[in-house]
Protein chains: 2
Amino acid sequence: MASHSMSDTIEEYLKQLLVNADAEQVEIRRADLALRFDVVPSQINYVIKTRFTIQDGYLVQSKRGGGGYIRIERIKLMQDADVFDQLIASIGDQLTNREATVLLQTLAEHGILSQREVTLIAALLAPTALAVTDRYTEAQVRARIMRSLLMRLKYEC
Amino acid sequence: MASHSMSDTIEEYLKQLLVNADAEQVEIRRADLALRFDVVPSQINYVIKTRFTIQDGYLVQSKRGGGGYIRIERIKLMQDADVFDQLIASIGDQLTNREATVLLQTLAEHGILSQREVTLIAALLAPTALAVTDRYTEAQVRARIMRSLLMRLKYEC
DNA sequence: TCATCTCTGACTAATTTTGACTTTAATTAT
DNA sequence: ATAATTAAAGTCAAAATTAGTCAGAGATGA
């Protein structure tokens, strides 16, 4: 897998950092990295946005201002990770409260969520909690939240 | 817990003081602390205002004039229902992702949520999950969800 | 050639650091 | 007692220091 573009090179460098550091996470300064590879700082954002997504198994956090940083964390896939992809695909643009409840219960039955976790999350997805303007938007938000949950559950935590 | 900025360093120092003092509270003199870290006195206010909020799990009292002081107290969430109400009240009608993260971490430190629950709920509240129409609405939805969570935890932990 | 990926830079947003000015409380002088 | 002085801490906004966004230009490959 030869790297052709500078973005590929930066990607490799960062992944090497994670391996060498022998840690689950690594921290960089955007400006430093840009200087090292002689690119504009915003290209670092591009590399991260295209190569260190949650789908790729990375969590990225950052902070601006003095002492700012970008932190990249590697998270490990669960054994049956592909199941989550299927579940995510099965959720459309909208998700009713009832559908959400059923899905959560299914996750519990498969030992993916504890009963307490189901209760908590169900409370957060209830109409009273979301209380967005209209039902359409509410169901949209619920769908996004559920997708986000499934994407996270796909990895160990 | 790496310290990136001087404010981070001062924060760490103060938290270490609380641990070492083996007491619920610690008292400092703003001028002394500023001198010790070679910063202007008002930076101490900044550190306290940004890192020792009730959402962080601290109460701060102070007195001006001769013999003035700043007292930082670690709150006990479980003991006092009032504190819990204060916490709920401290959430306005908007909540940033960073504030939410801080709050969840505080709940974990007090044994109210497990680390796994924090991780999952953090995923639910992430900007990508909530991404409604605009940032304003996003922060509103986040605030509502967080309030729902706290209300629930208050009664059935 | 067309679509997609990469690269750039101007503009925006968040956070920290600094300092001038204000407020409050205790002490000292009248 | 009251006023003046001194000794704290508080407020606020500007400056400095990071990172993020976005749209357009450029490069690449099918």
Side-chain angles (χ1 to χ4, degrees), chain A residues 1-14 26-53 55-56 58-73, chain B residues 2-14 25-53 55-56 58-73 94-102 126-128 131 133-136 138-139 142:
Chain A
M1 205 56 98
S3 52
H4 293 110
S5 66
M6 183 57 78
S7 289
D8 288 336
T9 306
I10 296 171
E11 173 191 2
E12 270 183 24
Y13 172 77
L14 288 174
V26 72
E27 260 184 31
I28 57 155
R29 283 176 174 275
R30 189 180 78 152
D32 288 352
L33 203 56
L35 206 58
R36 168 188 287 261
F37 289 100
D38 193 29
V39 297
V40 296
S42 63
Q43 180 156 4
I44 306 305
N45 296 92
Y46 174 72
V47 171
I48 285 173
K49 200 170 151 194
T50 55
R51 291 150 162 91
F52 291 88
T53 67
Q55 285 84 0
D56 294 317
Y58 297 93
L59 283 183
V60 178
Q61 295 172 299
S62 65
K63 198 169 151 187
R64 306 182 195 188
Y69 58 83
I70 299 178
R71 177 167 32 219
I72 303 175
E73 183 182 358
Chain B
S3 61
H4 303 92
S5 61
M6 185 55 79
S7 288
D8 289 338
T9 305
I10 297 170
E11 172 192 1
E12 265 181 32
Y13 172 77
L14 289 173
Q25 60 181 42
V26 72
E27 248 183 47
I28 58 154
R29 297 175 73 93
R30 189 180 78 153
D32 288 352
L33 203 55
L35 206 59
R36 169 189 285 261
F37 290 101
D38 192 29
V39 297
V40 296
S42 64
Q43 181 156 8
I44 306 304
N45 296 89
Y46 174 73
V47 170
I48 284 171
K49 197 171 146 198
T50 55
R51 291 150 161 90
F52 291 88
T53 66
Q55 298 188 350
D56 288 299
Y58 298 91
L59 283 181
V60 178
Q61 296 169 303
S62 65
K63 202 172 87 170
R64 307 186 192 187
Y69 58 83
I70 299 178
R71 179 168 27 218
I72 303 175
E73 182 184 358
Q94 288 181 268
L95 192 70
T96 66
N97 190 47
R98 183 165 292 276
E99 288 172 329
T101 305
V102 164
T128 50
T133 50
D134 55 308
R135 287 229 177 93
Y136 184 77
E138 176 192 317
R142 187 178 290 113

Reported CD1-to-CZ distance for the pair A/I44 and A/R29, which is rounded to 0.5 angstrom: 14.0 Å
B/Y69: ring-ring contact (aromatic ring centres under 6.0 Å, His included) partners, not counting sequence neighbours: none
Whole-Å distance separating the CZ atom of A/F52 from the P atom of D/dG20: 14 Å
Close side-chain approach of B/I70 to B/L33, heavy-atom, < 4.5 Å: no
Sugar-phosphate only, base, or nothing, as touched by B/R51 at under 4.0 Å among non-hydrogen atoms: sugar-phosphate
Integer-rounded Å distance: D/dT17 C1' and B/D8 CG: 14 Å
Heavy-atom donor-acceptor pair, A/T53 side chain to A/K49 backbone, under 3.5 Å: no
Close side-chain approach of B/T101 to B/R98, heavy-atom, < 4.5 Å: no
Nucleotides bounding contact with chain B, strand DNA chain C, heavy-atom threshold 4.0 Å: C/dT15 to C/dA26
Integer-rounded Å distance: D/dG26 C1' and A/Q43 CD: 12 Å
Protein-nucleotide distance (B/R98, atom CZ; D/dA19, atom P), rounded to Å: 13 Å
Rounded distance (Å) that lies between atom P of D/dA19 and atom CD of A/E27: 11 Å
Output one line per pair: protein atom, nucleotide atom from nucleotides 9-14 of chain D, and distance, for all N/O pairs under 3.5 Å.
residue : atom : partner : partner atom : Å
D/dA9   : OP1  : B/R30   : N            : 2.8
D/dA9   : OP2  : B/R30   : N            : 3.4
D/dA9   : OP2  : B/A31   : N            : 3.1
D/dA9   : N7   : B/R30   : NH2          : 3.3
D/dG10  : OP1  : B/S62   : OG           : 2.7
D/dG10  : OP2  : B/N45   : ND2          : 2.4
D/dG10  : O4'  : B/R64   : NE           : 3.4
D/dG10  : O4'  : B/R64   : NH2          : 3.0
D/dG10  : N7   : B/R30   : NH1          : 2.9
D/dG10  : N7   : B/R30   : NH2          : 3.4

Beyond-backbone contact of A/V47 with A/V39, side-chain heavy atoms, under 4.5 angstrom: no
Donor-acceptor side-chain pairing of A/D8 and A/S5 below 3.5 angstrom: yes
Any side-chain heavy-atom pair of B/Y13 and B/R36 under 4.5 Å: yes
